[in-house]
Peer 1: 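So that we are looking at the same thing, I have put the structure below in structure tokens.
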2 protein chains.
Amino acid sequence: MKLGEGVEAAIHCASMLASVEGDATMPGAAMAESFGLSPSYLLKHLNMLSAARILESVPGPAGGYRLARPAERITLLDIVLAVEGREPAFRCGEIRRNGPVKLDASAYVKPCGINAAMLKAERAYRAALAETKLSDIVADYATEGDPRSFAASCAFVARHQRPQKSSSILQPPKQT
Amino acid sequence: MKLGEGVEAAIHCASMLASVEGDATMPGAAMAESFGLSPSYLLKHLNMLSAARILESVPGPAGGYRLARPAERITLLDIVLAVEGREPAFRCGEIRRNGPVKLDASAYVKPCGINAAMLKAERAYRAALAETKLSDIVADYATEGDPRSFAASCAFVARHQRPQKSSSILQPPKQT
DNA sequence: GGGAAGGTACTCGGATATGACCTGTCCGAGTAGGAACGG
DNA sequence: CCGTTCCTACTCGGACAGGTCATATCCGAGTACCTTCCC
């Protein structure tokens, strides 16, 4: 019953990526600097998020990461499952049938009651995570959080985000 | 997000101990044999349960383990917390303040919204575990489980439980 | 024969090796941008 | 002056060590029962 600390980093990065405009990207090194983490290690978790289709990665000098879909359609459950794996925390090893007395396999067709109870609790856990969207986190941070911290985050995002070439068609790169 | 397999063993042992009569005890080695586990390792988990006042241990040749209170007053949450520890699974490292830009400490008085959301989910998890009593597990096993498996468990308990000296006053040990 | 003392066997309890997983780091593949060169 | 080519710098991605915790095991402390000895 212990979550890796990569979960915290992943959620923070995702909520930061929710603040970038349009299809602009943000390098993983910038986010690592923002949270005081090892860049190479953070890449590992961001890679898991992109493998789960939560983030998109763009290679190249102007590359980075961005959300693969709007923040309203990303839940905390998506992020936690992507980083920690989709298997339930409690795995029934069916130790009840490991005893010396060997019963017929037909005696174990009914699922283990303990397993059912543990999985019911885990469904409640996942349901609570699923009803919290990433947009809720961002909105709560904007309204409830300290204005100074929020302003600093916005400035950091504006400084490090990299607009993409396709978006530069909409906005001419230079006005002369 | 992964529970140790000792949790499963602990719950199975506790539900087995719920079937012993009165203040009789059952040795840990018997339960280890019943589930095909390493006796020495199972003792470790049973020791944690007795440290949490869920089980009582009696040393000596007629010793063993028994429930410290009725099964109606033991929940799955008690067992899980005793084995896995009481700390929440998600630990907020406050990485938001680890960045290069140093804000005043007053900017972080409000708790992290991510931490609040994760803890809310964990409260739901624990609440679901807390509403399942050990007596429910046993009753469900007696009614829903396979009769052959239930009979085998009862026979195993009757064969390995050790009545205590104080109870032998109520039931004379030998009838001649 | 009765009681007491000693020995034995069985139990739990803690201290000690081993292994797997998470953590942390490094180097390589790929691409966009810019500079240099030729037309 | 414009287009093409090459180069460089920056990015992600996967492969490689180290640390920490769960797993597994062994040996010691303690107690009840049994045997033996003494009265």
Side-chain angles (χ1 to χ4, degrees), chain A residues 1-10 13 17 24-33 35-51 55-66 83-85 87 89 91 93 95 160-168 173-174, chain B residues 1-10 13 17 24-33 35-51 55-66 83-85 87 89 91 93 95 160-168 173-174:
Chain A
M1 199 57 192
K2 194 182 61 173
L3 273 70
E5 72 180 72
V7 177
E8 183 183 7
C13 288
L17 287 174
T25 63
M26 173 170 273
M31 292 187 279
E33 179 194 2
F35 298 121
L37 301 175
S38 169
S40 303
Y41 185 42
L42 184 61
L43 266 288
K44 191 182 184 66
H45 296 301
L46 295 177
N47 195 7
M48 290 180 181
L49 291 179
S50 50
L55 301 185
E56 285 178 349
S57 66
V58 177
Y65 291 94
R66 68 178 163 226
V83 176
E84 290 288 324
E87 293 84 31
R91 298 148 298 168
I95 63 174
H160 287 281
Q161 69 179 355
R162 310 284 186 196
Q164 294 300 296
K165 191 166 57 179
S166 58
S167 73
S168 61
K174 290 186 178 181
Chain B
M1 198 57 192
K2 193 182 61 174
L3 273 70
E5 73 180 71
V7 177
E8 184 182 7
C13 289
L17 288 174
T25 62
M26 172 169 275
M31 292 187 277
E33 179 194 1
F35 298 123
L37 300 175
S38 169
S40 303
Y41 185 42
L42 184 62
L43 266 288
K44 189 182 184 65
H45 296 301
L46 294 177
N47 194 8
M48 290 179 182
L49 291 178
S50 50
L55 302 184
E56 285 179 349
S57 66
V58 177
Y65 292 96
R66 68 179 161 225
V83 176
E84 290 288 324
E87 292 83 31
R91 297 148 297 170
I95 62 174
H160 287 280
Q161 69 179 354
R162 311 281 186 200
Q164 294 302 295
K165 191 167 55 177
S166 58
S167 73
S168 63
K174 289 186 179 181

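Hydrogens, waters and symmetry mates are skipped; everything else that's a heavy atom, side chains included, is used.
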Peer 1: Nearest 0.5 Å, please: how far is CG in L17(B) from CG in L49(B)?
Peer 2: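 The CG atom of L17(B) is 9.0 Å from CG of L49(B), to the nearest 0.5 Å.
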
Peer 1: Whole Å only: how far is the NE2 atom of H45(B) from the C1' atom of dC21(D)?
Peer 2: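 In whole Å, dC21(D) C1' lies 13 Å from H45(B) NE2.
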
Peer 1: Strictly below 4.0 Å: does Y65(B) bring a side-chain N or O up to OP1 or OP2 of dG13(C)?
Peer 2: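 Yes, within the criterion.
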
Peer 1: Rounding to a whole Å, what distance do you find between E87(A):CD and dC22(C):P?
Peer 2: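 In whole Å, dC22(C) P lies 10 Å from E87(A) CD.
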
Peer 1: Whole angstroms only, please: what is the CG-P distance between L43(B) and dT16(C)?
Peer 2: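 Roughly 18 Å, once rounded to whole Å.
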
Peer 1: When you match L3(A) and P59(A) each to their closest nucleotide on DNA chain C, which lands nearer the 5' end?
Peer 2: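 Between the two, 5'-proximity favours L3(A).
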
Peer 1: Can you measure L46(A) atom CG to dG14(D) atom C1' for me and round it to whole angstrom units?
Peer 2: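 Atom CG in L46(A) sits about 15 Å away from atom C1' in dG14(D).
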
Peer 1: Between P on dC12(C) and CG on L49(B), what's the gap in Å once rounded to a whole number?
Peer 2: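 The distance from CG of L49(B) to P of dC12(C) comes to 13 Å, rounded to the nearest Å.
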
Peer 1: Taking the nucleotide of DNA chain D with the nearest heavy atom to each, does K44(A) or R162(A) sit closer to the 5' end?
Peer 2: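 In this pair, the answer is R162(A).
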
Peer 1: Measure from CE on M48(A) to C1' on dG14(D) and round the result to the nearest Å.
Peer 2: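 Going from CE in M48(A) over to C1' in dG14(D) covers 12 Å.
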
Peer 1: With a 4.0 Å cutoff (strictly under), does any side-chain N or O of N47(A) reach OP1 or OP2 of dG14(D)?
Peer 2: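 So the side-chain polar atoms of N47(A) do come within 4.0 Å of the phosphate oxygens OP1 or OP2 of dG14(D), strictly under.
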
Peer 1: Using atom NZ of K2(B) as one end and atom C1' of dT23(D) as the other, report the distance to the nearest whole Å.
Peer 2: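 Distance, rounded to whole Å: 11 Å.
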
Peer 1: Look at all strands and tell whether S40(B) reaches a base, only sugar-phosphate, or nothing, counting heavy atoms closer than 4.0 Å.
Peer 2: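 It contacts base atoms.
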
Peer 1: Indicate yes or no: at least one non-hydrogen side-chain atom of M1(B) is less than 4.5 angstrom from one of K2(A).
Peer 2: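 Side-chain contact under 4.5 Å: no.
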
Peer 1: Would you mind reporting whether S50(B) and E56(B) have side-chain heavy atoms less than 4.5 Å apart?
Peer 2: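 In short, these two side chains do not touch, never coming nearer than 4.5 Å.
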
Peer 1: Is any side-chain N or O of S50(B) closer than 4.0 Å to OP1 or OP2 of dC12(C)?
Peer 2: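 Looking at the OP1 and OP2 atoms of dC12(C), neither is under 4.0 Å from any side-chain N or O of S50(B).
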
Peer 1: When you match L42(B) and M26(A) each to their closest nucleotide on DNA chain D, which lands nearer the 5' end?
Peer 2: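 Looking at DNA chain D, the more 5' nearest nucleotide goes with M26(A).
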
Peer 1: Taking Q161(A) for its side chain and M26(A) for its backbone only, find out whether a donor-acceptor pair lies under 3.5 Å.
Peer 2: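 Answer holds: no.
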
Peer 1: Measure the spacing between CZ of R162(A) and CZ of R66(A) and express it to the nearest 0.5 Å.
Peer 2: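 R162(A) CZ to R66(A) CZ: 14.5 Å, rounded to 0.5 Å.
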
Peer 1: Whole Å only: how far is the CD atom of E56(B) from the C1' atom of dG13(C)?
Peer 2: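 Taking atom C1' of dG13(C) as the reference, CD of E56(B) is at 17 Å.
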
Peer 1: OP1 or OP2 of dT25(C) less than 4.0 angstrom from a side-chain nitrogen or oxygen of S38(A), does that happen here?
Peer 2: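 Looking at the OP1 and OP2 atoms of dT25(C), one of them is under 4.0 Å from a side-chain N or O of S38(A).
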
Peer 1: Can you tell me if the side-chain N/O atoms of Y41(A) get under 4.0 Å from OP1 or OP2 in dT25(C)?
Peer 2: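 The answer is no; no side-chain N or O of Y41(A) sits under 4.0 Å from OP1 or OP2.
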
